[in-house]
Student: 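Dumping the structure here so I can ask a few things about it.
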Amino acid sequence: MNYIEVNITIPLNRENGRDIMVAYLSDMGFESFMDTEIGLNAYISEIMFNELNPDIAGLQGINMFGAVKISKRVIKDKNWNRTWEKNYKAVEIDNFCRIRTSFHDSKPGFSYQFVIEPRMSFGTGHHATTQLMIRLIRETNPEDMRVLDAGCGTGILSVLVSMMGAKEVIAFDNDINAYNNAKDNFLNNNTGNIRVLKGDIPDVKESGFDLVMANITKNVLTEHVRYYSGMMNRSAILLMSGFYGTDLSDIESEAGNYSLKYTGSMEENSWMAAKFIKT
């Protein structure tokens, strides 16, 4: 399957323009994103792009982004990995975690370092929400925990908690590219205690989790939080991200309906990750 690369120029004086654009395009069906010096590149299947073509053209006229400029090109399926190699930069979070691809050299000085081949899946580690989740995981310490990774994407969070000593990890995603990509990433990082499922939250029949991780979107989080709570042990931890700081009160209110108590959060570039305890 061919993909469309949409090149987006965002005015440098537009605060948080990149993150806002990523959120907007994600809702439209774009699957992956790469930062550039002038904005970002966004990737979507050619079939999906053709369906959205009028909406894509309309982005240039959206006032909230300022003087946005858009161009596009077709990427043949066989050239996809070459495109990633050209644009992907290793992600370094303090001296705690380094996420790289196979074409990056290993680098000393990190507690955890692993290889992710993003291919066509969302979750390269560059987005603020992923990095916020990683920082919350560091505070949580998942050693000996049973963990659920909801909407796992490339599987970054699953690999990390596995390396940190989680007892068992179940990851799932409803996107076939993410499912296949995560399987390969788990295998390549020798994380034998991770099981990956293709499907959505109602398809997960497991329960008794000590830690649930969900980095998705506000709408999905508020819709699925009842499932998360029902799968969690007493005093288990829920980490959620994929929403703005202005949405925290809505997230907290809905979580409270299912015996989930808000205990803290982190924020970066208006994005937020929050921690809840099952009471």
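We number each residue from 1, following the sequence as shown. For the numbers below, each heavy atom of this structure counts, side chains included, while hydrogens, waters and symmetry mates do not.
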Student: Do Val212 and Leu239 have side-chain heavy atoms sitting under 4.5 Å apart?
Tutor: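 No. Closest side-chain heavy atoms not under 4.5 Å.
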Student: Could you pull out the closest heavy-atom pair between Arg100 and Asp105, with the gap in Å?
Tutor: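 Looking at all heavy atoms of both residues, the shortest contact is CD-O, 3.7 Å.
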Student: Any chance you could measure Thr191, atom OG1, to Asn185, atom CG, to the nearest 0.5 Å?
Tutor: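 Nearest 0.5 Å value for the OG1-CG distance: 8.5 Å.
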Student: On a heavy-atom basis, which atom in Ala128 and which in Glu268 lie closest, and how many Å separate them?
Tutor: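 Result for this residue pair: CB-O, 4.0 Å.
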Student: Go through the structure and list residues passing side chain to side chain donor-acceptor pair (under 3.5 Å) with Thr222, not counting sequence neighbours.
Tutor: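 For Thr222 there are no side chain to side chain donor-acceptor pair (under 3.5 Å) partners, ignoring immediate neighbours.
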Student: Is there a side-chain contact between Ile156 and Phe114, using heavy atoms and a 4.5 Å cut-off?
Tutor: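 Yes. Closest side-chain heavy atoms under 4.5 Å.
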Student: Is the distance between the ring centroids of Phe243 and Trp271 under 6.0 Å?
Tutor: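 No, ring centres 6.0 Å or more apart.
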Student: Assess whether side-chain contact (heavy atoms from CB on, under 4.5 Å) is satisfied between Tyr112 and Arg98, documenting all intermediate values.
Tutor: CA-CA 6 Å; Tyr112 301 96; Arg98 184 171 188 260; over 6 Å; no
Student: Using the rule given for side-chain contact (heavy atoms from CB on, under 4.5 Å), can you reason through Ile4 versus Arg73, listing the C-alpha separation, both sets of side-chain angles and the distance that settles it, and then say yes or no?
Tutor: CA-CA 6 Å; Ile4 300 292; Arg73 69 181 177 117; over 6 Å; no
Student: Applying side-chain hydrogen bond (donor to acceptor under 3.5 Å, both in side chains) as the test, list every pair that has at least one member in residues 132-150; sequence neighbours left out.
Tutor: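 Pairs touching residues 132-150 that pass the test: Asp94-Arg138, Arg146-Glu168, Arg146-Glu206, Asp149-Ser158.
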Student: Taking all atoms of both residues into account, what is the closest heavy-atom pair of Leu132 and Ala273, and its distance?
Tutor: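 Smallest interatomic distance, heavy atoms only, reads CB-CB, 3.6 Å.
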Student: From Tyr244 OH over to Thr217 OG1, what is the distance, rounded to the nearest 0.5 angstrom?
Tutor: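 Rounded to the nearest 0.5 Å, the OH-OG1 separation comes out at 11.0 Å.
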Student: Does any pair with a residue in residues 222-248 pass salt bridge (Lys or Arg N to Asp or Glu O under 4.0 Å), and if so which ones, sequence neighbours excluded?
Tutor: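 Every salt bridge (Lys or Arg N to Asp or Glu O under 4.0 Å) pair that includes a residue of residues 222-248, provided the two are not neighbours, is Lys218-Asp247.
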Student: Given side chains that start at C-beta, do those of Leu187 and Lys183 come closer than 4.5 Å, heavy atoms only?
Tutor: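 No; the side chains remain at least 4.5 Å from each other.
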Student: How long is the gap from CD on Glu267 to CG on Leu248, to the nearest 0.5 Å?
Tutor: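 Between atom CD of Glu267 and atom CG of Leu248 there are 8.5 Å.
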Student: Does Gly199 offer a backbone N or O that forms a donor-acceptor pair with the side chain of Asp203 under 3.5 Å?
Tutor: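 Checking the backbone N and O of Gly199 against the side chain of Asp203, no donor-acceptor pair under 3.5 Å is found.
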Student: Can you tell me how far OG1 of Thr154 sits from CG of Asp173, rounded to the nearest 0.5 angstrom?
Tutor: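 Here the interatomic distance stands at 9.5 Å.
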Student: Any donor and acceptor pair, going by atom type alone, linking the side chain of His104 with main-chain N or O of Thr101 inside 3.5 Å?
Tutor: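 Side chain of His104 to backbone of Thr101, a donor-acceptor pair under 3.5 Å: yes, one is there.
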Student: Do Met272 and Ser241 come close enough that some side-chain heavy atom pair is under 4.5 Å?
Tutor: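 In short, these two side chains do not touch, never coming nearer than 4.5 Å.
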Student: Heavy-atom distance under 4.5 Å between the side chains of Glu92 and Phe110, does that happen here?
Tutor: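 Yes; the side chains approach each other to less than 4.5 Å.
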Student: Going by atom types alone, do Tyr43 and Glu5 pair a side-chain donor with an acceptor below 3.5 Å?
Tutor: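 There is such a pair (donor and acceptor under 3.5 Å, judged by atom type) between the side chains of Tyr43 and Glu5.
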Student: Verify the cluster assignment for Val161 and Val115: are they in a single hydrophobic cluster under the rule of side-chain heavy atoms below 4.5 Å apart?
Tutor: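 No: no chain of side-chain contacts under 4.5 Å links Val161 to Val115.
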Student: Same cluster or not: Met145 versus Met231, using hydrophobic residues (I, L, V, M, F, W, Y) connected whenever any side-chain heavy atoms lie under 4.5 Å apart?
Tutor: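 No: no chain of side-chain contacts under 4.5 Å links Met145 to Met231.
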Student: Among the clusters formed by ILVMFWY side chains lying less than 4.5 Å apart, do Phe276 and Val147 turn up in the same one?
Tutor: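 Shared cluster, no.
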Student: Give, for atom CD1 of Ile170 and atom OG of Ser207, the distance between the pair rounded to the nearest 0.5 Å.
Tutor: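 Between Ile170 CD1 and Ser207 OG, I get 9.0 Å after rounding to 0.5 Å.
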Student: Output the distance between atom CG (Asp200) and atom OH (Tyr227), rounded to the nearest 0.5 Å.
Tutor: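 The CG atom of Asp200 sits 8.5 Å away from the OH atom of Tyr227.
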Student: Taking Asn174's backbone N and O only, do any of them form a donor-acceptor pair with Lys198's side chain (distance below 3.5 Å, no angle check)?
Tutor: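 Answer holds: yes.
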Student: Could you tell me which non-hydrogen atom of Cys97 sits nearest to which non-hydrogen atom of Leu160, and how far apart they are?
Tutor: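 Distance-wise, the nearest heavy atoms are SG-CD1, 4.4 Å.
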Student: Mind checking what makes side chain to side chain donor-acceptor pair (under 3.5 Å) contact with Asp210, not counting sequence neighbours?
Tutor: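 Side chain to side chain donor-acceptor pair (under 3.5 Å) list for Asp210, sorted by chain: Asn233.
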Student: Tell me the closest heavy-atom pair linking Ser229 and Leu260, and the distance in Å.
Tutor: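 Nearest heavy atoms, Ser229 then Leu260: CB-CD1, 3.9 Å.
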Student: Does Leu221 reach the side chain of Ile251, with side-chain heavy atoms less than 4.5 Å apart?
Tutor: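 A side-chain contact exists here, since the closest heavy-atom pair is under 4.5 Å.
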Student: Looking at Cys152 and Val196, what are the two nearest heavy atoms and their distance?
Tutor: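 Between these two residues, the closest heavy atoms are SG-CG2, 4.4 Å.
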Student: Show the numbers, then the answer: is there a side-chain contact (heavy atoms from CB on, under 4.5 Å) between Asn41 and Ile8?
Tutor: CA-CA 6 Å; Asn41 294 336; Ile8 303 171; over 6 Å; no
Student: Answer with yes or no whether the hydrophobic clustering places Met163 together with Ile93; edges join I, L, V, M, F, W, Y residues whose side-chain heavy atoms lie under 4.5 Å apart.
Tutor: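 Shared cluster, yes.
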Student: Between Ser259 and Lys278, is there a donor-acceptor pair closer than 3.5 Å when you use the side chain of the first and the backbone of the second?
Tutor: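 No, Ser259 side chain to Lys278 backbone: no donor-acceptor pair under 3.5 Å.
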Student: Do Met266 and Met240 sit in one hydrophobic cluster, given that two such residues count as connected whenever their side-chain heavy atoms are within less than 4.5 Å of each other, even indirectly?
Tutor: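 No, Met266 and Met240 fall in different hydrophobic clusters.
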Student: For Asn188, check side chain to side chain donor-acceptor pair (under 3.5 Å) against everything at least two apart and list the hits.
Tutor: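 Asn188: no side chain to side chain donor-acceptor pair (under 3.5 Å) contacts found.
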Student: I'd like to check Leu148 versus Met213 (side-chain heavy atoms, cut-off strictly below 4.5 Å). Are they in contact?
Tutor: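 No, their side chains stay 4.5 Å or more apart.
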Student: Tell me every residue that passes side chain to side chain donor-acceptor pair (under 3.5 Å) with Lys167, counting only those two or more places apart in sequence or in another chain.
Tutor: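 In terms of side chain to side chain donor-acceptor pair (under 3.5 Å), with neighbours along the sequence ignored, Lys167 is linked to no residue.
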Student: Should Ile134 and Ile99 be marked as a side-chain contact (heavy atoms from CB on, under 4.5 Å) after you check the CA-CA gap, both sets of side-chain angles, and the distance that decides it?
Tutor: CA-CA 11 Å; Ile134 288 173; Ile99 305 163; 3.9 Å; yes
